[in-house]
> 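Would you mind keeping the following structure in view while I ask a few things?
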Amino acid sequence: MKKLSLIMVAALLLCSGLAQAQQQEEFNKAVASVGAQGSFNGPGTLGYFRVVGDFALPCMYDVVYFNPANDFGKAAQNTILAAKNTGHNLSRVVYDQGADQLCYLHLVEFE
């Protein structure tokens, strides 16, 4: 019985790990475009950006999204626009990809 319980716990941990979003960290990315679109899932607007080349993960539409309505999203948008407008690359980008293949930003910086 104890062995069966351990196997069940291990299986649950494995399944929960597979269901979580995959996180990716990338470096030295040039911003190709920055935009905004209305959210189809509810009220609000989503910001997004593309990079020159590809992201390491196959993000749907080749974009990473962020929420420009909250403090992080406003700071992220300002950072991305500043990098693009000054011709600097993003020195670091951290995002995750959900099961729906959409990618969402967690960290962005440029030097």
Side-chain angles (χ1 to χ4, degrees):
M1 186 68 166
K2 188 174 185 181
K3 188 175 182 179
L4 180 60
S5 296
L6 288 174
I7 291 172
M8 291 179 68
V9 168
L12 285 173
L13 288 174
L14 178 63
C15 289
S16 67
L18 293 175
Q20 292 177 355
Q22 182 177 358
Q23 194 168 74
Q24 180 69 36
E25 182 174 25
E26 298 191 35
F27 302 94
N28 199 31
K29 292 290 193 177
V31 178
S33 63
V34 183
Q37 72 179 43
S39 173
F40 298 107
N41 299 358
T45 300
L46 292 174
Y48 65 87
F49 70 101
R50 287 185 170 87
V51 296
V52 175
D54 294 323
F55 289 107
L57 297 178
C59 299
M60 188 173 288
Y61 313 117
D62 298 321
V63 301
V64 170
Y65 291 99
F66 57 90
N67 181 354
N70 62 35
D71 289 342
F72 169 75
K74 290 174 188 173
Q77 183 172 358
N78 288 337
T79 302
I80 295 163
L81 286 171
K84 177 146 180 69
N85 291 336
T86 60
H88 287 85
N89 286 352
L90 299 173
S91 54
R92 186 173 169 217
V93 178
V94 178
Y95 61 95
D96 70 23
Q97 181 184 54
D100 56 4
Q101 302 298 305
L102 294 176
C103 292
Y104 295 97
L105 186 64
H106 289 281
L107 180 147
V108 63
E109 68 180 35
F110 84 101
E111 296 176 356

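The figures that follow rest on heavy atoms only: side chains count, while hydrogens, waters and symmetry mates do not. None of these values were measured; they are calculated from a predicted model.
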> Side-chain contact test, heavy atoms from C-beta onward, threshold under 4.5 Å: evaluate it for Val108 versus Val64 and give yes or no.
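They are not in side-chain contact.
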> When clusters are formed by joining ILVMFWY residues with side-chain heavy atoms under 4.5 Å apart, either directly or through shared neighbours, do Tyr48 and Leu105 land in the same one?
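Different clusters: Tyr48 never reaches Leu105 through Ile, Leu, Val, Met, Phe, Trp or Tyr contacts under 4.5 Å.
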> Look at atom CG of Asn85 and say whether more than 12 heavy atoms of other residues, nucleotides or ligands are closer to it than 6.0 Å.
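Atom CG in Asn85 is crowded, with more than 12 foreign heavy atoms closer than 6.0 Å.
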> When clusters are formed by joining ILVMFWY residues with side-chain heavy atoms under 4.5 Å apart, either directly or through shared neighbours, do Leu57 and Phe49 land in the same one?
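Hydrophobic grouping puts Leu57 with Phe49.
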> When you compare the side chain of Leu102 with that of Tyr61, does any pair of heavy atoms fall below 4.5 Å?
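Side chain of Tyr61 against side chain of Leu102, heavy atoms only: contact under 4.5 Å found.
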> Closest approach of Asp54 and Lys29, non-hydrogen atoms and distance?
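Nearest heavy atoms, Asp54 then Lys29: O-NZ, 2.8 Å.
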> If hydrophobic clusters are built from ILVMFWY residues whose side chains come within less than 4.5 Å, do Val63 and Tyr104 share one?
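Linked within one cluster.
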> Can Leu81 be reached from Leu90 by stepping across I, L, V, M, F, W or Y side chains whose heavy atoms are under 4.5 Å apart?
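Yes, one cluster joins them.
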> Using side-chain heavy atoms (C-beta onward) and a distance below 4.5 Å, is Phe66 in contact with Ile80?
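Answer yes - side chains close enough.
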> Tell me, do Thr79 and Phe110 make a side-chain contact under 4.5 Å, heavy atoms counted?
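Sidechains of Phe110 and Thr79: in contact.
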> Measure the SG-CG distance between Cys103 and Asp96 for me, rounded to the nearest 0.5 Å.
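If we round to the nearest 0.5 Å, Cys103:SG and Asp96:CG are 7.5 Å apart.
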> Using 0.5 Å steps for rounding, measure from the CE atom of Met60 to the CG atom of Asp100.
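Those atoms lie 6.5 Å apart.
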> Test your reading of the model: is there a side-chain donor-acceptor pair from Lys84 to the backbone of Ala32, 3.5 Å cut-off?
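Yes.
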> Give the minimum heavy-atom separation between Gln101 and Pro58, together with the two atoms involved.
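So the minimum-distance heavy-atom pair works out to OE1-O, 3.7 Å.
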> Tyr95 pairs by side chain to side chain donor-acceptor pair (under 3.5 Å) with which of His106, Glu25, Gln22, Glu26?
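It is Glu26, the one option of His106, Glu25, Gln22, Glu26 that forms the side chain to side chain donor-acceptor pair (under 3.5 Å) with Tyr95.
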> Measure across Ala69 and Lys74 and return the closest heavy-atom pair with its distance rounded to 0.1 Å.
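Taking Ala69 first and Lys74 second, the nearest heavy atoms are O-CE, 3.7 Å.
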> To the nearest 0.5 Å, what is the distance between CD (Glu109) and CG (Asn89)?
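Glu109 CD to Asn89 CG: 12.5 Å, rounded to 0.5 Å.
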> Show the nearest heavy-atom pair for residues Asp62 and Phe55, with the distance to one decimal.
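Minimum heavy-atom separation between Asp62 and Phe55: O-CE1, 3.8 Å.
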> For a quick test of reading the model, state the closest non-hydrogen atom pair linking Gly47 to Pro68 and the distance between them.
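Nearest pair, atom of Gly47 first, then Pro68: N-CD, 3.4 Å.
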